[in-house]
Novice: 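I'd like to ask you about the structure that follows.
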Amino acid sequence: MFHIFSNMKTRDRWLALLCVLLVCGQVYFDLRLPDYTAEITVLISSEVTELSQYYDAGARMLGCALCSALMTVIVGYLAAMIASDFSFDVRAKVFQKVSAMGSGEIKKFSTASLITRTTNDITQIQMIIAMGLQMMLRAPIMAVWAIIKIVGKSWQLSTVVAAAVVIIVGSMIVLLGIMIPKFRIVQKQIDDVNRITEENLNGIRVVRAFNAEKYQEDKFEKANMSLMKTQLFTGRGMAVLSPIMMFVQSCVSVGVYYVGAWLINNIEVPLTGTAAEIAAAISDRSIMLGDVVSFSSYGLYVIMSFVMLLMIFMMLPRAQVSAARINEVIDSDIAVREGTETTSEKSGCIEFQDVSFRYPDASEDCLKHISFSAKKGETVAFIGATGSGKSTLAGLAARLYDVTSGKVLLDGKDVSTYSFDTLYSKIGYIPQKTTLFADTVKGNVRFGKGKQKVTDADVENALDIAQADFVKTMDNGEESWIVQGGSNVSGGQKQRLAIARAVARKPEILIFDDSFSALDYKTDQTLRKRIKKDLKGTTCLIVAQRIGTIRNADRIVVLDNGEVAGIGTHEELMKKCPVYQQIALSQLSADELAANA
């Protein structure tokens, strides 16, 4: 847990030190109050006392109380400020780290878990800082200081307080030993609840289409019930400490007064002694009475200190688990690291040199010894059966992953040597799963950062090339709102907006990862003609399932089980590549192929 605090700002550290000093002052003034109480008790039992002495002791008590209250307010304000500032910084670091993660790292943690770590786990840390700077500092300082003040006054009264402390500490150790493993389980169960909720919301159409509402409800109920039972167990376990504390606190008060009465009764007042002896005995009794009263207050301060520590210890185990989960994200190794190269002599050229790739924890390569090249302005297409590695190959071209062996060269240089700004300003990537953001149509098309700023004219031109004519029929045109995930537009409309987003940035290379699958044949054909006409000089890599989409490509790479089964034009592959022939004949008849040719 201390590792996560090592990144705290210097300013916050100084403010935390100021909190420590203020808490010490606060405890000092609090612990002065029993002394004045004892002084007033002695004054009351004295035969000759001036009223001004009461006023003087009362005024000092009031001054101490006001000083303690003022310091409490300041400490609370500073603690809240430090906790908020720290959680802001940690949340930003976690978000930046998650943003830098590749697909492999995201799968390792899962989306639901990363959301929990960025929200709930950081909230736990924020609470422990805010409470800790007020209670965790105050409790041990007050306990030690109070014990120092009472030690030496009476070993009998000290024994009563010591016995209470032993009972409290023992109870805390036993319960925390039982609770800490449960706190770890709670955070994982929150991940499960978030995951099921996310799946249900994202797949609501599928759930309804398959009449699976009851199944999803039962699934959520099971995860929710498990979370509830674990939290009930931890809550009930911690709840046991409260009555123990109250019982011990009451026993301390009773024990102190009982032992104190016995001590006072043992101080005998001689009936036949001199006036000085009688006065001395009465004075001893008054002093002992004052000590008993102050001792009772000090004993309660000690118990209160452990009550405050109890509150912190109830939160600390869960915060420790949260801190470990946050550190796991922050300290995770990023597979795809940024290079430093910002320039290149060539433009729009990409080449795979004997590339093989294996996913983490996989037993074998999913791509094996892939070699091909695409020169500036050429169109290279990829086709193959499902699972043959087409999308993975597109991801390697966009450097979503790093190759296991071989090289991917962009403009003559290894893609891993480029800075991310330089690399992604060269590449326009349209993924297989289209993602739109909660923004206007124009905002989604202008999304991201390219070589130059995307103007309104660029947006209009990109929408025109992408055949997104439907935007004109929307209520507010380009200013029409797209909801999160693009659920208020169809699949084909989402694909066209995604294509427009990539085209608007005017990249050197466009990578289409099965980005025409939701388009009808006419729109598909028209869109490709516009790209070829209006984006001359732009290199295109196209992953597709349909022969009609790729048959006019300059080269077609046929993949079969992660290996290259053939490379060539449509006509060449129809003559010499059996795998391509099977794909073509499965979609079109021999007469249709001949007619299209």
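In what follows, every heavy atom counts, from backbone to side chain, and hydrogens, waters and symmetry copies are set aside. Quick caveat, the model's predicted, so the values are computed rather than measured.
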Novice: Have Ser480 and Asp475 got a donor and an acceptor in their side chains that come within less than 3.5 Å?
Specialist: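 No, Asp475 and Ser480 have no side-chain donor paired with an acceptor closer than 3.5 Å.
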Novice: Take Ser419 and Asp421 through the test side chain to side chain donor-acceptor pair (under 3.5 Å) and record every step on the way to the result.
Specialist: CA-CA 6 Å; Ser419 67; Asp421 281 351; 5.9 Å; no
Novice: So which atom in Asp411 and which in Gly348 form the shortest heavy-atom distance, rounded to 0.1 Å?
Specialist: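 Answer, listing the atom of Asp411 first, then Gly348: OD1-N, 2.8 Å.
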Novice: Salt bridge (charged side-chain N to carboxylate O under 4.0 Å, His left out) between Arg195 and Glu199: does it pass, once the steps are laid out?
Specialist: CA-CA 6 Å; Arg195 175 180 54 78; Glu199 287 177 350; 3.6 Å; yes
Novice: According to the interplanar angle, ranging from 0 to 90°, do the rings of His570 and Tyr580 count as parallel (below 30°), tilted (30 to 60°) or perpendicular (above 60°)?
Specialist: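 Aromatic pair His570/Tyr580 classed perpendicular.
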Novice: Looking at Phe437, I want to see if its CZ is surrounded by more than 12 non-hydrogen atoms of other residues, nucleotides or ligands under 6.0 Å.
Specialist: yes
Novice: Between Tyr429 and Arg501, is there a cation-pi geometry (under 6.0 Å to ring centre, at most 45° from the normal)?
Specialist: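 Not flagged: Arg501 not positioned over aromatic ring of Tyr429.
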Novice: Can you confirm whether Arg11 sits close enough to Asp85 that some side-chain heavy atom of one is under 4.5 Å from a side-chain heavy atom of the other?
Specialist: yes
Novice: Any chance the side chains of Gln189 and Thr230 put a donor and an acceptor closer than 3.5 Å?
Specialist: yes
Novice: Does a sphere of radius 6.0 Å around NZ in Lys413 hold more than 12 heavy atoms from other residues, nucleotides or ligands, not counting ones at 6.0 Å or beyond?
Specialist: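 Result for NZ/Lys413: enclosed.
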Novice: Please assess Asp365 against Arg358 for the test salt bridge (charged side-chain N to carboxylate O under 4.0 Å, His left out), listing each intermediate value before the final yes or no.
Specialist: CA-CA 4 Å; Asp365 294 341; Arg358 177 180 301 186; 2.9 Å; yes
Novice: Can you check salt bridge (charged side-chain N to carboxylate O under 4.0 Å, His left out) on Arg528 and Asp524, steps first, answer last?
Specialist: CA-CA 6 Å; Arg528 285 185 286 106; Asp524 181 355; 2.7 Å; yes
Novice: Test ring-ring contact (aromatic ring centres under 6.0 Å, His included) on Tyr215 and Phe220; report intermediate values, then the result.
Specialist: CA-CA 9 Å; Tyr215 172 79; Phe220 179 83; over 10 Å; no
Novice: Side chain to side chain donor-acceptor pair (under 3.5 Å), that's the test. Do Asp520 and Thr523 meet it? Break it down for me.
Specialist: CA-CA 5 Å; Asp520 61 84; Thr523 304; 2.7 Å; yes
Novice: So, Lys97 side chain and Ser332 main chain: donor-acceptor pair closer than 3.5 Å or not?
Specialist: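 Looks like yes, one N/O pair under 3.5 Å.
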Novice: Are Gln495 and Ser517 close enough that a side-chain donor and a side-chain acceptor fall under 3.5 Å?
Specialist: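 The answer is yes; a qualifying pair exists.
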Novice: Which heavy atom in Val483 sits nearest to a heavy atom in Asn488, and how many Å separate them?
Specialist: N-OD1, 3.4 Å
Novice: Yes or no on side chain to side chain donor-acceptor pair (under 3.5 Å) for Tyr418 and Thr342, after CA distance, side-chain angles and deciding distance?
Specialist: CA-CA 6 Å; Tyr418 286 103; Thr342 57; over 6 Å; no
Novice: Would you say that more than 12 heavy atoms from the other residues, nucleotides or ligands in this model lie under 6.0 Å from the NZ of Lys219, or not?
Specialist: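 Counting neighbours around NZ of Lys219, more than 12 heavy atoms of other residues, nucleotides or ligands fall under 6.0 Å, so yes.
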